[in-house]
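For reference, the structure is listed below as structure tokens.
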Amino acid sequence: MARQKSNMEVFTTGFFKQNPTFVQFLGMCPTLAVTGSVEKAIGMGIGVIFVLVFSNLIISLIRKAVPREVRIPIYIVVIASLVTILEMVMYAYMEDIAAQLGTFLSLIVVNCLILGRAEAFASKNGPWRSVLDGLGMAIGFTGGIMLIAFFRELLGSGSITIWGDLAIQLIPVDFQIPILVAPAGAFLVFGILVSQVNKLKFRNLEGGEAA
């Protein structure tokens, strides 16, 4: 019989071991599309945290009342409702970020990370563990896209945007790599970071076997 994970393990699994961005490769559209600046990555991260935590909570609460045959359409209705609320709030209070995210804010509805956690975890676990799972996975996803955005913006434009027009210039023009802020730059930075994550993972495995 498989050992049940502790609450701490449920919360931290998404940070490194099953990181949605670098290990599970979930939610690749926003990962590649909104990482042109740290500011946009933070905005998307806030949205995913909100939707993933509350969708996991609601689905775990209604899981026993939902017939198995119609569970996926009902999960999608829950997620779409939360995304609609998110859009309304962000356009009311964070209009610049919402406008920059554009269509990708609405596309959180079809982010396979969110539906995947609803089906794989929230539909089989209670509310508290489902919230921990959603929060941990969302933090892991947000950290992943912020890391990609940091390298793309820093090396591509030489600055990091704090908020709106406020930016810190860190690298002179002569040392910038403009392609990194272009769409192709997303693939380059993502590929390099994934290679480093895999290198670290295999090194740890070899260390464990040697011990």
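Residue numbers run from 1 in the order of the sequence given.
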Inset, instruction - Kindly indicate whether the side chain of I160, heavy atoms from C-beta on, has any atom under 4.5 Å from the side chain of E39. - result: no
Inset, instruction - Mind listing the closest non-hydrogen atom pair of M44 and L105 along with its distance? - result: CE-N, 4.3 Å
Exercise answer: donor-acceptor pairs, residues 146-156 side-chain atoms, under 3.5 Å, sequence neighbours excluded:
from : atom 1 : to   : atom 2 : distance (Å)
R152 : NE     : L180 : O      : 2.8
R152 : NH1    : L32  : O      : 3.4
R152 : NH1    : T35  : OG1    : 2.9
R152 : NH2    : L180 : O      : 3.4
R152 : NH2    : V181 : O      : 3.2
R152 : NH2    : A182 : O      : 2.9
E153 : OE1    : V38  : N      : 2.9
E153 : OE2    : T161 : N      : 3.0
E153 : OE2    : T161 : OG1    : 2.5

Inset, instruction - Ignoring hydrogens and angles, state whether a donor on the side chain of E87 or S106 is under 3.5 Å from an acceptor on the partner side chain. - result: yes
Inset, instruction - Take K17 and E9 through the test salt bridge (Lys or Arg N to Asp or Glu O under 4.0 Å) and record every step on the way to the result. - result: CA-CA 10 Å; K17 189 175 181 181; E9 286 176 304; over 6 Å; no
Legend entry - Worked check of side-chain contact (heavy atoms from CB on, under 4.5 Å) between I85 and F50: CA-CA 10 Å; I85 294 170; F50 171 78; 4.2 Å; yes
Inset, instruction - Would you indicate whether the side-chain heavy atoms of R129 and N7 approach each other to under 4.5 Å? - result: yes
Legend entry - Check: Y75 and S55 side chains under 4.5 Å, non-hydrogen atoms: no
Inset, instruction - Give the cluster check for I42 versus V89: same hydrophobic cluster or not, with ILVMFWY residues linked at side-chain heavy-atom distances below 4.5 Å. - result: yes
Inset, instruction - Would you indicate whether the side-chain heavy atoms of F190 and M28 approach each other to under 4.5 Å? - result: yes
Legend entry - Atom of I171, atom of Q176 and distance for their closest heavy-atom approach: O-NE2, 3.1 Å
Inset, instruction - Hey, could you give me the CD1/CD1 distance between I76 and I114, rounded to the nearest 0.5 Å? - result: 12.0 Å
Legend entry - Non-hydrogen atoms of S37 and Q100 that approach each other most closely: OG-OE1, 4.5 Å
Legend entry - Straight-line distance of L61 CG to S130 OG, nearest 0.5 Å: 8.5 Å
Inset, instruction - Mark yes or no for whether R71, through its side chain, and R68, through its backbone, hold a donor-acceptor pair below 3.5 Å. - result: yes
Legend entry - Flag side-chain contact, heavy atom, 4.5 Å: V23 against F16: no
Legend entry - Within-4.5 Å side-chain heavy-atom neighbours: F141 and F22: no
Inset, instruction - Identify the residue among L135, I139, D133 that makes a side chain to side chain contact (heavy atoms under 4.5 Å, CB included) with M137. - result: D133
Legend entry - Closest non-hydrogen atom pair, V48 against L113: CG1-CD2, 4.4 Å
Inset, instruction - Is it possible for you to say whether I192 and V194 belong to one hydrophobic cluster, with membership spreading through side-chain heavy-atom contacts below 4.5 Å? - result: no
Inset, instruction - First locate atom CD1 of I49, then atom CZ of F54, and finally report the distance between them rounded to the nearest 0.5 Å. - result: 11.5 Å
Legend entry - Side chain proximity check, P30 to N111, heavy atoms < 4.5 angstrom: yes
Legend entry - hydrophobic_cluster_shared for V110 and V77, side chain cutoff 4.5 Å: no
Inset, instruction - Using a 4.5 Å cut-off on heavy atoms from C-beta on, say whether the side chain of C112 contacts that of L115. - result: no
Inset, instruction - Hey, could you give me the CG/CG distance between L101 and D96, rounded to the nearest 0.5 Å? - result: 11.0 Å
Legend entry - Sidechain-backbone polar pair: E119 side chain, F121 backbone, donor-acceptor under 3.5 Å: no
Legend entry - N56 vs V131, side-chain contact (heavy atoms from CB on, under 4.5 Å): CA-CA, chis, key distance, verdict: CA-CA 6 Å; N56 263 17; V131 167; 5.8 Å; no
Inset, instruction - Specify the closest pair of heavy atoms between S60 and P127, including all atoms of both residues, with the distance to one decimal. - result: OG-CA, 3.2 Å
Legend entry - Name of the residue among I72, I74, I59 meeting side chain to side chain contact (heavy atoms under 4.5 Å, CB included) with V66: I74
Inset, instruction - Report yes or no: do M94 and M88 belong to one cluster of Ile/Leu/Val/Met/Phe/Trp/Tyr joined by side chain heavy-atom distances under 4.5 Å? - result: no
Inset, instruction - Please state whether the rings of F15 and F11 are parallel, tilted or perpendicular, taking 30° and 60° as the class boundaries. - result: perpendicular
Inset, instruction - Spell out, as yes or no, whether a donor-acceptor pair under 3.5 Å connects the side chain of N19 to the backbone of G140. - result: yes
Legend entry - Approximate separation, where rounding is to 0.5 Å, of Q24 CD and T13 OG1: 9.5 Å
Inset, instruction - Take atom CD of E95 as the centre, draw a 6.0 Å sphere, and report whether it contains more than 12 heavy atoms from other residues, nucleotides or ligands. - result: no
Inset, instruction - Hey, could you give me the CD1/CD1 distance between I79 and I58, rounded to the nearest 0.5 Å? - result: 10.0 Å
Legend entry - L193 with F187, same ILVMFWY side-chain cluster at under 4.5 Å: yes
